[in-house]
Amino acid sequence: MSAKTTAHRTDRWRRVRTAAVAVVAAVRNPLEVPDAFAGVQEATRRHRRAHGCGAYAYGEGSLPATLAAAVGARRIVEVGTALGYTALAMADAAPLAHVDTVETDPDHVRLAREQIARHGLTDRVTVRPGAAEEVLPGLDPGAYDLAFFDGFTPTLEVVTHLHRLLRPGGTLLAGNLILGPPPEATAHLSDPAHWHTHSLGETALCVKRAA
């Protein structure tokens, strides 16, 4: 092996090693983002531990909030309010938006309304009690810029309703796919006739295609 070839391979290895070190460092030291609603997330954890219920706050409110800001959302629909963590984060990130958030548990409806009032956003976040299958059909079709699903796991019926509610080019963030949604729901989310879709693992980012 020539000295030139050896030097080339050594240089390539150094570049690969540098990139690998950078990736590991990013994983070990992720970017820390201030969370104005961390207290609501912690209140959700405390409530879940005390009551053994299904109140889970989405892991990082910064994702749906940043998406709301990026699309300039004016109307947002959310399925799965819990105590209002992500509804508050999205409303805060998109100051011209109104959030309709759907929650089936009466205790969570009450607690979410308390949190929303405590943060002064009652006029911009509406908690709609009831099952998504019952509430979503009554909302305005084609009127929403952003939909966020954070219920237990999406069903075909709910995904179809959210598709109907979004305007063409509107965005759906569908979480909890790791919990095993029915195949017909995941087929809809990945159907290029309905969406431009990117998978983020347990979450899908879907943009509604124009008719």
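Here the structure is a predicted model, which is why all the values come from computation and not from measurement.
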For side-chain contact (heavy atoms from CB on, under 4.5 Å), just list the numbers for Phe152 and Asn176, CA-CA rounded to whole Å, side-chain angles, deciding distance to a tenth of an Å, and then say yes or no. CA-CA 7 Å; Phe152 176 67; Asn176 293 336; 5.7 Å; no
Run the side-chain contact (heavy atoms from CB on, under 4.5 Å) check on Cys206 and His196 step by step: do they pass? CA-CA 5 Å; Cys206 312; His196 299 281; over 6 Å; no
Criterion side-chain contact (heavy atoms from CB on, under 4.5 Å) on Leu67 and Leu205, from CA distance to verdict: CA-CA 10 Å; Leu67 191 56; Leu205 182 61; 3.6 Å; yes
Carefully, step by step, assess His98 and Thr126 under the rule side chain to side chain donor-acceptor pair (under 3.5 Å). CA-CA 8 Å; His98 186 92; Thr126 300; 2.8 Å; yes
Test side-chain contact (heavy atoms from CB on, under 4.5 Å) on His51 and Asp107; report intermediate values, then the result. CA-CA 10 Å; His51 296 272; Asp107 284 339; 5.6 Å; no
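Remark: Glu184 CD to Thr155 OG1 distance equals 8.5 Å, nearest 0.5 Å. Distance check: Leu83 CG to Arg113 CZ gives 13.0 Å after rounding to the nearest 0.5 Å. Taking CG of Leu165 as the start and CG of Leu146 as the end, the distance is 12.0 Å to the nearest 0.5 Å. Asp92 contributes atom CG, which lies 7.0 Å from atom CG of Leu121 (distance to the nearest 0.5 angstrom). To the nearest 0.5 Å, atom CG of residue Leu173 and atom CG of residue Leu200 are 7.5 Å apart.
Residues Val127 and Arg110 are not in side-chain contact: their nearest non-hydrogen atoms beyond the backbone lie 4.5 Å or more apart. Residues Leu63 and Thr86 have side chains not in contact (no heavy-atom distance under 4.5 Å, counting atoms from C-beta outward). Inter-residue side-chain proximity for Leu162 and Pro154 is flagged as unmet; no heavy-atom pair is nearer than 4.5 Å. For the pair Phe148 and Leu172, the minimum side-chain heavy-atom distance is 4.5 Å or more. Taking the side chain as every heavy atom from C-beta outward, Val102 and Glu78 never approach each other to under 4.5 Å. Inter-residue side-chain proximity for His119 and Val40 is flagged as met; some heavy-atom pair is nearer than 4.5 Å. Here the side chains of Pro168 and Arg209 are not in contact, with every heavy-atom distance at 4.5 Å or above.
Of all heavy-atom pairs spanning Ser62 and Thr66, the tightest one is O-OG1, 2.6 Å. Here the closest non-hydrogen pair linking Ala43 and Gln115 is CB-NE2, 3.9 Å. Considering every non-hydrogen atom in both Ala97 and Ala73, the closest pair reads CB-O, 3.2 Å. Contact record, Ala82 with Ala112: O-CB, 3.6 Å, taken as the closest heavy-atom pair. Closest non-hydrogen pair, Ala65 versus Ala89, comes out as CB-O, 3.5 Å. Looking at every heavy atom in both residues, Thr197 comes nearest to Ser190 through OG1-CA, 4.2 Å.
Remark: side-chain polar atoms of Lys208 are paired, donor with acceptor, to backbone N or O of His163 under 3.5 angstrom. At distances below 3.5 Å, at least one donor-acceptor pair connects side-chain atoms of Glu103 with backbone N or O atoms of Thr81. Between the Arg164 side chain and the Leu136 main chain, a donor and an acceptor come within less than 3.5 Å of each other. In terms of modelled atom types and a separation under 3.5 Å, the side chain of His108 and the main chain of Thr104 share no donor-acceptor contact. Put simply, the side chain of Arg48 gets close to the backbone of Ala55: a donor and an acceptor are under 3.5 Å apart. A donor-acceptor pair is defined here as one N or O able to donate and one able to accept, closer than 3.5 Å; no such pair exists between the side chain of Asp145 and the backbone of Val71. Between the Arg124 side chain and the Ala91 main chain, a donor and an acceptor come within less than 3.5 Å of each other. Between the side chain of Thr186 and the backbone N or O of Pro183 there is at least one donor-acceptor pair closer than 3.5 Å.
By the rule that hydrophobic residues join a cluster once side-chain heavy atoms approach within less than 4.5 Å of another member, Val135 and Ile116 end up as members of separate clusters. In terms of hydrophobic clustering, with Ile, Leu, Val, Met, Phe, Trp and Tyr side chains grouped at heavy-atom distances under 4.5 Å, Tyr58 and Val79 are assigned to different clusters. Hydrophobic clustering keeps Leu88 apart from Phe149 (ILVMFWY residues linked when any side-chain heavy atoms are closer than 4.5 Å, directly or through intermediates).
In summary, the side chains of Trp195 and His188 do present a donor paired with an acceptor at a separation below 3.5 Å, with no hydrogens or angles considered. Looking only at atom types and distance, the side chain of Asp150 has no donor-acceptor partner in the side chain of Tyr85 under 3.5 Å away.
Note on Arg49 versus Glu42: salt bridge recorded, some NZ/NE/NH1/NH2 to OD/OE distance being below 4.0 Å.
Exactly one residue among Val99, Thr171, Asp100 makes a side chain to side chain contact (heavy atoms under 4.5 Å, CB included) with Tyr144. That residue is Asp100.
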